J.: 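Below is the structure I would like to discuss, written out as structure tokens.
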Amino acid sequence: MSSDGLSNGDHTGVVRRITCVGAGYVGGPTCAMIANKCPHIAVTVVDMNTAKIEEWNSDKLPIFEPGLEEIVKKCRGTNLFFSSDIPKSIREADLIFISVNTPTKMYGKGKGMAPDLKYVESVARSIAEHAGGPKIVVEKSTVPVKAAESILSILRDAQRTNNTLAFQVLSNPEFLAEGTAMKDLANPDRVLIGGEDSEEGKKAVAALVEVYSSWVPRERIITTNTWSSELSKLVANAFLAQRISSINSVSAICEATGADVSEVAHAVGFDSRIGNKFLNASVGFGGSCFQKDVLSLVYLCESLHLNKVAEYWHGVIEINNWQRRRFADQIIAELFNTVAGKKIAVFGFAFKKNTGDTRESSAIHVCKHLLEEEANIAIYDPKVEEKQMRMELGLTTSDDKVDKLVSVFSDPYEAAKDAHAIVVLTEWDEFKTYDYSRIYESMVHPAALFDGRLLFKRKEMESIGFRFFGIGTAPNHLTKVGFAAPS
Ligand SMILES: NC(=O)C1=CN([C@@H]2O[C@H](COP(=O)(O)OP(=O)(O)OC[C@H]3O[C@@H](n4cnc5c(N)ncnc54)[C@H](O)[C@@H]3O)[C@@H](O)[C@H]2O)C=CC1
Ligand SMILES: O=C(O)[C@H]1O[C@H](OP(=O)(O)OP(=O)(O)OC[C@H]2O[C@@H](n3ccc(=O)[nH]c3=O)[C@H](O)[C@@H]2O)[C@H](O)[C@@H](O)[C@@H]1O
């Protein structure tokens, strides 16, 4: 019993039915993996977006992840179900994952900084209304520290009028990366579970540990208190984003000096204390989470009056925005200070390779900047649909002047034909396999290639004839030499 006299969760400790609320990039793949690895558990994924549920039940899944379709097809209808009946699925579950979106708030207090928790709260209210019995509720969504307390307050309130209810709230943040989600889920570096430090809390943690133990070695399952778990997720993303901003800041030094950012990253990353991962300089990180989660951490620090700490982490975002802008400005400068009316081929629109996800993609920022300068941009991406690109660029009306500046191609060779430049914004492997001599011949000369993803070797591209500009590398004639004092 808790201090308020309500039951803390009378759970049997064995999970047989899981419901996941939120059938998105996390809920879908995570539940597919659990169903695949735990044939003894029935897993139902629900969503308020009925069209999305229909897609999960169709041949064309709503998201692309290598390896996902195979597992969904294998388990769907056996122990993996996609449903729009949220009340029923909540009622029947022993354990409920909350896996809904927590985007940056775009209104009111904390606008542009704090995560919007209205979806998490609405799921907590649905659980309170439809539970009908004891449940383990698991925060899978990324939330600020102490979010579990708010969820618990809503759930515990429902217990006052229904004494058959009992709840435990756990934090179990997800660390998968898009494009490698199935690999990450099958073989995670760690699984993190935070829970209440009480007998019932420990029982609930043990029940979730048991689920993951079906395929994750026990030593990789970390258990902590709830707040450490919630904070660790934000901090993990902040550290990863910080590494990218660090190497991107170094890329600017390389371009000015003749050092090569790949060589520097290699040399620095060779130190086992630093490590070689996540040191690829780029046009800036994108994706739905890095910016949102770093901003959430900054907002948390500000709320705690830790202004220096907030400032420190905000620098990660500032460098990222600066890098995107710097790259776009360089394109304009190198195309003789005007891109108006010039065709520019954009290779890649997704925020990284092997995904069709475009949320916060750096491509959006670079393209918007080029459109402001009235460039004609010709986009090719192997996975992103035209509708999605236009939505992200804010182009909604077909007679809009800007809309006419954008064309979308299904063939990269056609996208590059008659272009003044190619701009590489996503690191799709297929971009490295094209016949660049043929592409070069079809372009307006002098033809430029701007490599925002370090896919190409300067010498090879220059020998074809391209004027080559790569993040973190500079042609020798542009570098500053000697012991110049700061001006
Ligand atoms: N996308 C990623 O790679 C990762 C995301 N995360 C975190 O996981 C959470 C989910 O992210 P995504 O899956 O990318 O979001 P998403 O936007 O792809 O999916 C969220 C789904 O929740 C549904 N939803 C929202 N409110 C609902 C409600 N009240 N009832 C039923 N369904 C509701 C939406 O319709 C949507 O389909 C976020 O907190 C995110 O920060 C964590 C790790 C990786
Ligand atoms: O919370 C989340 O949503 C997830 O965020 C990231 O995963 P994701 O955004 O899917 O993809 P990443 O591989 O981390 O790439 C993020 C962005 O950084 C860029 N990046 C990555 C690595 C690098 O060295 N350089 C670089 O510019 C990528 O191109 C991409 O735009 C984290 O890697 C996951 O652990 C985390 O679970």
Side-chain angles (χ1 to χ4, degrees), residues 19-31 45-53 55-56 62-63 65 83-84 86-87 89-90 97-104 115-127 139-144 147 172-181 184-185 188-190 192 233-234 236-241 243-248 251 261 265 269 276-294 296 320 323-324 348 350-355 357-363 425-428 452-454 471:
T19 285
C20 172
V21 188
Y25 283 89
V26 168
T30 305
C31 287
V45 190
V46 295
D47 204 290
M48 63 183 182
N49 182 338
T50 50
K52 203 180 252 190
I53 290 297
E55 285 185 83
W56 278 110
I63 63 171
E65 272 298 333
S83 165
S84 295
I86 299 175
S89 306
I90 287 176
F97 283 113
I98 302 179
S99 190
V100 297
N101 37 330
T102 49
T104 302
D116 193 340
L117 297 176
K118 68 179 176 200
Y119 303 106
V120 172
E121 178 173 334
S122 79
V123 178
R125 289 185 187 281
S126 299
I127 296 172
E139 283 175 348
K140 177 69 71 193
S141 297
T142 303
V143 289
N172 171 222
E174 184 48 61
F175 296 103
L176 68 80
E178 288 180 31
T180 53
D184 297 340
L185 287 164
D189 282 355
R190 81 310 208 174
L192 177 58
K233 172 62 194 179
L234 291 186
N237 272 359
F239 269 55
L240 290 169
R243 272 176 83 90
I244 303 169
S245 279
S246 296
I247 199 68
N248 281 344
S251 75
V261 75
N276 61 7
K277 292 187 182 148
F278 257 68
L279 283 181
N280 294 320
S282 69
V283 59
F285 59 74
S288 62
C289 293
F290 277 175
Q291 177 171 301
K292 145 178 107 64
D293 292 347
V294 176
S296 171
N320 200 48
Q323 183 80 343
R324 289 164 164 171
F351 82 97
K352 63 186 279 197
K353 71 175 180 180
N354 295 336
T355 177
D357 194 352
T358 56
R359 291 178 290 179
E360 282 302 325
S361 177
S362 289
L425 297 177
T426 312
E427 73 281 24
W428 286 102
R453 289 296 190 162
L454 296 172
I471 293 269

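Both counts, for ligands and for their atoms, begin at 1 and track the order of listing. Keep in mind the model is a prediction, meaning the values are calculated, not measured. Residue indices begin at 1 and follow the sequence shown. Note that these values count all heavy atoms, side chains included, but never hydrogens, waters or copies made by symmetry.
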J.: Can you tell me how far the OG1 atom of T180 sits from the CD atom of E65, to the nearest 0.5 Å?
T.: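 Going from OG1 on T180 over to CD on E65, the span is 7.0 Å.
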J.: Based purely on interatomic distance, does E178 place a nitrogen or oxygen under 3.5 Å from a nitrogen or oxygen of ligand 2?
T.: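 Such a contact does occur with ligand 2.
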J.: What protein heavy atom sits nearest atom 30 (C) of ligand 2, and how far off is it?
T.: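 For atom 30 (C) of ligand 2, the nearest protein heavy atom is F351 O, 3.5 Å.
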J.: Which residue and atom name correspond to the protein heavy atom nearest atom 14 (O) of ligand 2, and how close is it?
T.: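 Result for atom 14 (O) of ligand 2: F278 CZ, 3.1 Å.
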J.: Any idea which of R453, K352, K353, R243 brings a heavy atom closest to atom 11 (O) of ligand 2?
T.: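 Looking at heavy atoms only, K352 sits closest to atom 11 (O) of ligand 2.
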J.: Evaluate the side-chain proximity of V46 to V21: yes if any heavy-atom separation is below 4.5 Å, no if none is.
T.: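 Sidechains of V46 and V21: in contact.
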J.: Taking only heavy atoms of A177 into account, list the atoms of ligand 2 that are under 4.0 Å away from them.
T.: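 The list of qualifying atoms is 7 (O), 10 (O), 11 (O), 33 (O).
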J.: Looking at ligand 2, is there an atom of it that comes within less than 4.0 Å of some heavy atom belonging to L279?
T.: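 Yes.
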J.: Hey, which atoms in ligand 2 end up nearer than 4.0 Å to a heavy atom of C289?
T.: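 The list of qualifying atoms is 1 (O), 2 (C), 3 (O).
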J.: Among I86, V100, I90, find the residue that satisfies the side chain to side chain contact (heavy atoms under 4.5 Å, CB included) test when tested with V123.
T.: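 Result: among I86, V100, I90, V100 is the only option passing the side chain to side chain contact (heavy atoms under 4.5 Å, CB included) with V123.
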J.: I'd like to check which ligand 2 atoms, numbered from 1 as shown, lie under 4.0 Å from a non-hydrogen atom of S282.
T.: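 Contacts of ligand 2 toward S282, numbered from 1: 26 (C), 27 (O).
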J.: Where do L185 and T30 land on the side-chain contact (heavy atoms from CB on, under 4.5 Å) test, with the steps shown first?
T.: CA-CA 7 Å; L185 287 164; T30 305; 3.9 Å; yes
J.: Go through D357 and Y25 one step at a time and tell me if the side-chain contact (heavy atoms from CB on, under 4.5 Å) criterion holds.
T.: CA-CA 9 Å; D357 194 352; Y25 283 89; 3.7 Å; yes
J.: As a test of understanding, state which of F278, F351, F290 forms a ring pair (Phe, Tyr, Trp, His ring centres under 6.0 Å) with F285.
T.: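 The passing option is F290.
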J.: Examine the proximity of ligand 2 to N237 and report which part, side chain or backbone, both or neither, has a heavy atom under 4.0 Å away.
T.: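 Looking at N237 and ligand 2, just side chain atoms fall under 4.0 Å.
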J.: Taking atom CD of Q291 and atom CG of N237, what is their separation to the nearest 0.5 Å?
T.: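 Here the rounded value is 12.5 Å.
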J.: In Å and rounded to the nearest 0.5 Å, what is the CG to CG distance from N248 to L279?
T.: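 Going from the CG atom of N248 to the CG atom of L279 covers 10.5 Å.
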J.: Specify the protein heavy atom at minimum distance from atom 20 (N) of ligand 2: its residue, its atom name, and the distance to 0.1 Å.
T.: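 Scanning the protein heavy atoms, the shortest distance from atom 20 (N) of ligand 2 goes to I244 CD1, 3.4 Å.
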J.: Please tabulate, one line per pair, the protein N or O atoms found under 3.5 Å from any N or O atom of ligand 1, giving the distance to one decimal.
T.:
| residue | atom | partner | partner atom | Å |
| --- | --- | --- | --- | --- |
| ligand 1 | 1 (N) | E178 | OE2 | 2.9 |
| ligand 1 | 3 (O) | E178 | OE2 | 3.2 |
| ligand 1 | 13 (O) | Y25 | N | 3.0 |
| ligand 1 | 13 (O) | V26 | N | 2.9 |
| ligand 1 | 14 (O) | R359 | NH2 | 3.1 |
| ligand 1 | 18 (O) | Y25 | N | 3.2 |
| ligand 1 | 29 (N) | S122 | OG | 2.8 |
| ligand 1 | 32 (N) | M48 | N | 3.2 |
| ligand 1 | 35 (O) | D47 | OD1 | 2.6 |
| ligand 1 | 37 (O) | D47 | OD1 | 3.3 |
| ligand 1 | 37 (O) | D47 | OD2 | 2.6 |
| ligand 1 | 37 (O) | K52 | NZ | 2.7 |
| ligand 1 | 39 (O) | T102 | OG1 | 2.6 |
| ligand 1 | 39 (O) | T142 | N | 2.9 |
| ligand 1 | 41 (O) | T142 | OG1 | 3.4 |
| ligand 1 | 41 (O) | K292 | NZ | 2.6 |

J.: Mind running side-chain contact (heavy atoms from CB on, under 4.5 Å) on R359 and E178 for me, showing each step along the way?
T.: CA-CA 11 Å; R359 291 178 290 179; E178 288 180 31; 3.4 Å; yes
J.: How long is the straight-line distance from OG of S251 back to CD1 of I244, given to the nearest 0.5 Å?
T.: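 Nearest 0.5 Å value for the CD1-OG distance: 12.0 Å.
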J.: Does an N or O from F175, backbone or side chain, lie closer than 3.5 Å to an N or O of ligand 2?
T.: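 In this structure, F175 places an N or O atom under 3.5 Å from an N or O of ligand 2.
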J.: Pick, from E174, K233, K277, the option with the minimum heavy-atom distance to atom 1 (O) of ligand 2.
T.: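 Shortest heavy-atom distance from atom 1 (O) of ligand 2: K233.
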J.: Counting heavy atoms only, which part of N280 comes closer than 4.0 Å to ligand 2: side chain, backbone, both or neither?
T.: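 N280 to ligand 2: contacts from backbone and side chain alike.
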J.: Among L176, V26, L425, which one has a heavy atom closest to atom 37 (O) of ligand 2?
T.: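 Looking at heavy atoms only, the winner is L176.
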J.: Would a 4.5 Å heavy-atom cut-off, applied to side chains only, mark P144 and L117 as touching?
T.: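 Side-chain contact under 4.5 Å: yes.
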J.: Hey, does L240 come in under 3.5 Å of ligand 2, counting only N/O atoms on both sides?
T.: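 The answer is no, given that L240 and ligand 2 share no N or O pair closer than 3.5 Å.
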J.: So between A236, S245, A363, G286, whose heavy atom ends up nearest atom 17 (C) of ligand 2?
T.: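 Going through A236, S245, A363, G286 one by one, G286 has the nearest heavy atom to atom 17 (C) of ligand 2.
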J.: Testing the 3.5 Å rule here: is there a donor-acceptor pair between the side chains of Q323 and S362?
T.: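 Side chains of Q323 and S362: no pair found under 3.5 Å.
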J.: Mind checking whether Q291 contacts ligand 2 via backbone (N, CA, C, O), side chain (CB onward), both or neither, at a 4.0 Å heavy-atom cut-off?
T.: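 For Q291, there is no contact with ligand 2 at all, from either part.
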J.: For F285, is at least one N or O under 3.5 Å away from an N or O on ligand 2?
T.: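 Min N/O separation from ligand 2 is not below 3.5 Å for F285.
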J.: State whether the side chain of R243 and the backbone N or O of K277 hold a donor-acceptor pair below 3.5 Å, judged by distance alone.
T.: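 The answer is yes, because a donor-acceptor pair under 3.5 Å joins these two groups.
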J.: Do side-chain atoms of D47 reach the backbone of A23 as a donor and acceptor pair under 3.5 angstrom?
T.: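 Yes, D47 side chain to A23 backbone: donor-acceptor pair under 3.5 Å.
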J.: About how many Å separate NZ of K118 and CZ of R125, when rounded to the nearest 0.5 Å?
T.: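 Here the interatomic distance stands at 14.0 Å.
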J.: Which residue supplies the protein heavy atom nearest to atom 32 (C) of ligand 2, what is that atom called, and how far is it?
T.: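 Here the nearest protein heavy atom works out to F290 CE2, 3.7 Å.
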